Amino acid sequence: MKESYLDEFHEECGVFGVYSQENRNVAHTVYYGLYALQHRGQESAGIAVSYADKISYYKGMGLVPEVFSGGKLDTLPEGDIAIGHVRYSTTGASQLLNAQPVVFTGKCGKMALAHNGNLTNTKQLRDELIASNAVFQTTIDSEVMAIMINSLSDGDLLTGVKRACPKFCGSYALVIMMTDKLIAVRDPYGIRPLCIGTIVDDYIVASETCALDAVSANFLRDVEPGEIVVIDSDGLHSYMMDDIPEKSAMCIFEFVYFARHDSVLDGCSVYDARKEAGRLLAKNYGVDADIVSGVPDSANVAARGYAEESGIPFVEALAKNRYVGRTFIQPDQSQRENSLSVKMNALRANVTGKRVILIDDSIVRGTTMRKIIKMLRNAGAEEVHVRICSPIIKHPCHLGIDIQTYSQLIGAYKNEQQICESLGADSVKYLSVEDLLKSCNNSKRKFCLGCFNGEYPYPLSGETDKLKLE
């Protein structure tokens with residue numbers, strides 16, 4: 001488990017795929033799609049291209065422009081199918097061997113797979129496959145999925161996908177490529193988002209609609225929970241898994257934090273949901289103050305909603321250094337301690353002598369919020385009132401978020417008043433579960449609220465030990 005230098009969630013990754021009716025530079029299309037999904041994973045990136053019955057790929061550690069700098073993108077050939085991946089690891093170490101897509105040759109021929117999500121029964125499946133003489137090159141659940149699909153395929157990839165998916169417990173949005181087809185799969189609960197777009201006769205599959213916009217694709221529709229979409233020379237074909245649950249369980253933190261605010265997920269605008277959350281905070285938890293501000297960048301939309309509803313002006317209280325990368329990967333603790341000061345600074349001219357309402361999307365450990373409040377007070381803020389656009393996070397997540405033990409959560413041990421005292425704020429208020437759901441009421445999906453109430457769509461299985469209250 002990594003120790004994040006900031007008090008924030010990290011989602012596992014983003015996926016992107018393209019099926020073109022002609023040979024062209026499809027790797028460039030994937031590159032721009034991944035660039036738009038960079039917020040979903042900054043650890044590694046990779047692209048695989050199908051051409052002339054072959055698959056060529058390149059992947060590396062770092063941000064998309066870093067991985068494909070120095071002409072590396074142009075080393076990938078022209079082709080008609082390509083998939084790509086950006087990663088933040090939750091299962092498997094942060095190493096190049098665990099970067100995706102997973103590429104190999106099996107019963108169906110050459111194949112590449114990219115996965116967003118996290119399985120809860122990875123060990124069980126891995127042990128089952130090893131008992132059948134499978135050999136693993138990585139430590140990620142995505143390779144387990146690829147080998148399981150291949151082992152059950154009988155030479156037909158769609159057959160393998162249909163047979164393997166009932167064995168997968170957890171969250172998964174997949175793009176799978178062969179030399180003649182592109183397949184998109186979303187788990188039966190629809191925990192992670194996945195959508196389809198078109199560019200004339202070409203098809204695009206992506207984790208979010210912002211990636212469709214980045215390549216000038218038109219949104220077609222979302223992949224349904226439990227749907228397997230096959231795209232080949234005959235067009236798009238849809239197949240549904242057996243035994244789809246009656247209720248979906250999409251991760252509500254896609255709207256709170258993970259997704260880019262210009263995306264639309266399952267019919268609901270992320271921007272509108274965040275702005276409505278801010279309005280509801282203002283309606284229910286107002287306080288006398290001089291300015292409203294958001295912790296940049298994900299909370300700014302909600303802060304504007306709060307400002308509009310309350311009539312208190314929105315003013316930037318924090319400046320963010322947008323050139324700071326993943327600085328929590330540092331060689332020693334002292335550098336990690338300094339990283340927040342490098343990433344963020346109080347705008348003294350805006351906060352001196354002011355009563356500040358500070359909006360944030362969530363509080364995980366409390367370490368970052370505590371430092372920000374101290375930073376604002378040192379800059380002259382008279383009062384700091386914290387308003388959070390989600391309920392208290394009381395339980396870990398085992399479905400693709402990098403918060404896997406109770407010890408990482410301030411909300412597992414403290415109530416709202418105790419959290420306020422721990423942070424050194426003048427007041428702290430959280431959005432209720434009911435109001436969070438209300439802010440997302442345009443969504444076609446029901447939501448997973450496990451991190452708030454402990455009720456998960458899948459049994460904990462092998463994750464039980466991690467989830468014990470310590």
Side-chain angles (χ1 to χ4, degrees), residues 8-9 39 193 208-210 250-318 320 347 350-351 354-364 369 372-373 376 381 383-393 411 416 419-420 423 425-449 451-453:
E8 58 189 27
F9 274 144
H39 59 287
E208 295 182 36
T209 59
C210 66
M250 185 179 185
C251 175
I252 202 162
F253 258 90
E254 292 287 350
F255 290 95
V256 174
Y257 177 74
F258 297 139
R260 232 172 67 172
H261 65 263
D262 53 332
S263 287
V264 177
L265 309 180
D266 290 305
C268 184
S269 161
V270 176
Y271 183 93
D272 289 347
R274 290 178 183 169
K275 198 165 188 181
E276 180 62 17
R279 291 192 184 104
L280 291 169
L281 276 173
K283 285 181 180 178
N284 297 322
Y285 306 112
V287 63
D288 288 336
D290 301 304
I291 64 171
V292 178
S293 189
V295 176
D297 287 311
S298 60
N300 279 339
V301 174
R304 292 183 183 279
Y306 191 108
E308 289 181 8
E309 181 66 31
S310 66
I312 301 170
F314 174 86
V315 177
E316 291 183 347
L318 297 165
K320 181 179 179 181
L347 288 163
N350 290 352
V351 303
K354 300 294 176 55
R355 298 168 297 170
V356 180
I357 299 173
L358 186 65
I359 311 295
D360 204 0
D361 47 69
S362 58
I363 297 177
V364 183
M369 182 55 73
I372 289 175
I373 292 170
L376 291 172
E383 297 176 10
V384 181
H385 300 274
V386 176
R387 297 294 181 265
I388 303 299
C389 298
S390 60
I392 297 177
I393 301 165
E416 196 171 75
I419 291 171
C420 180
L423 298 178
D426 290 281
S427 69
V428 172
K429 293 294 180 182
Y430 286 80
L431 197 67
S432 68
V433 170
E434 293 73 21
D435 279 343
L436 179 57
L437 291 172
K438 190 183 298 183
S439 72
C440 303
N441 63 6
N442 288 330
S443 174
K444 296 182 290 184
R445 310 292 171 220
K446 302 297 182 181
F447 294 101
C448 175
L449 304 170
C451 55
F452 308 131
N453 60 19

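If you're wondering where the values come from, they're calculated on a predicted model, not measured in any experiment.
- Scanning all heavy atoms of the two residues, the minimum distance from Ser263 to Thr209 falls at CA-OG1, 3.2 Å.
- Note: Lys446 NZ to Cys440 SG = 12.0 Å, rounded to the nearest 0.5 Å.
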All N/O donor-acceptor pairs, side-chain side in residues 294-303, below 3.5 Å, sequence neighbours left out:
unit_1: Asp297; atom_1: OD1; unit_2: Arg322; atom_2: NH2; d: 2.7
unit_1: Asp297; atom_1: OD2; unit_2: Lys320; atom_2: NZ; d: 3.2
unit_1: Ser298; atom_1: OG; unit_2: Asp361; atom_2: OD2; d: 2.4

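- Side-chain N or O atoms of Glu276 include none that pairs as donor or acceptor with a backbone N or O of Lys438 at under 3.5 Å.
- Side chain of Ser443 to backbone of Cys268: no donor-acceptor contact under 3.5 angstrom is found.
- The OG atom of Ser432 sits 9.0 Å away from the CG atom of Leu281 when rounded to the nearest 0.5 Å.
- In this structure, Leu436 and Phe447 have side chains that are not in contact, with every pair of non-hydrogen atoms separated by 4.5 Å or more.
- The two residues His39 and Cys210 make their nearest non-hydrogen contact at CE1-SG, 4.1 Å.
- Here the CG-CD1 distance, from Leu318 to Ile372, works out to 5.5 Å after rounding to the nearest 0.5 Å.
- Annotation: the span from Ile388 atom CD1 to Ile359 atom CD1 amounts to 8.0 Å, rounded to 0.5 Å.
- At a threshold of 4.5 Å between non-hydrogen side-chain atoms, the residues Tyr285 and Ser427 do not count as touching.
- In this structure, the side chain of Asp426 engages the main chain of Val384 through a donor-acceptor pair within 3.5 Å.
- Formation of a donor-acceptor pair under 3.5 Å by the Ser293 side chain with backbone atoms of Leu358 is not found in this model.
- With values rounded to the nearest 0.5 angstrom, Asn350 atom CG is found 12.0 Å from Asp290 atom CG.
- Counting only distance, with no hydrogens or angles, the side chain of Glu254 and the backbone of Leu265 share no donor-acceptor pair below 3.5 Å.
- The two residues Phe258 and Arg274 come nearest to each other via the heavy atoms N-NH2, 3.9 Å.
- Nearest approach of Arg279 to Glu309, heavy atoms of both residues: O-CG, 3.5 Å.
- In this structure, a donor-acceptor pair under 3.5 Å is present between the side chains of Asp435 and Asn284.
- A donor-acceptor pair is defined here as one N or O able to donate and one able to accept, closer than 3.5 Å; no such pair exists between the side chain of Arg445 and the backbone of Asp266.
- The distance from the CG atom of Asp360 to the CZ atom of Arg387 is 13.0 Å, given to the nearest 0.5 Å.
- The neighbour count for Glu316 CD, taken as heavy atoms of other residues, nucleotides or ligands under 6.0 Å away, does not exceed 12.
- In this structure, the side chains of Ile373 and Val386 come closer than 4.5 Å at one or more pairs of heavy atoms.
- Ile392 approaches Phe452 most closely through the heavy-atom pair O-CD2, 3.6 Å.
- Taking both residues in full, the closest heavy atoms of Tyr430 and Ser390 are given as CD2-O, 3.2 Å, listed atom of the first, atom of the second, then distance.
- Ring pair Tyr271/His261 is tilted by interplanar angle, where 30° to 60° counts as tilted.
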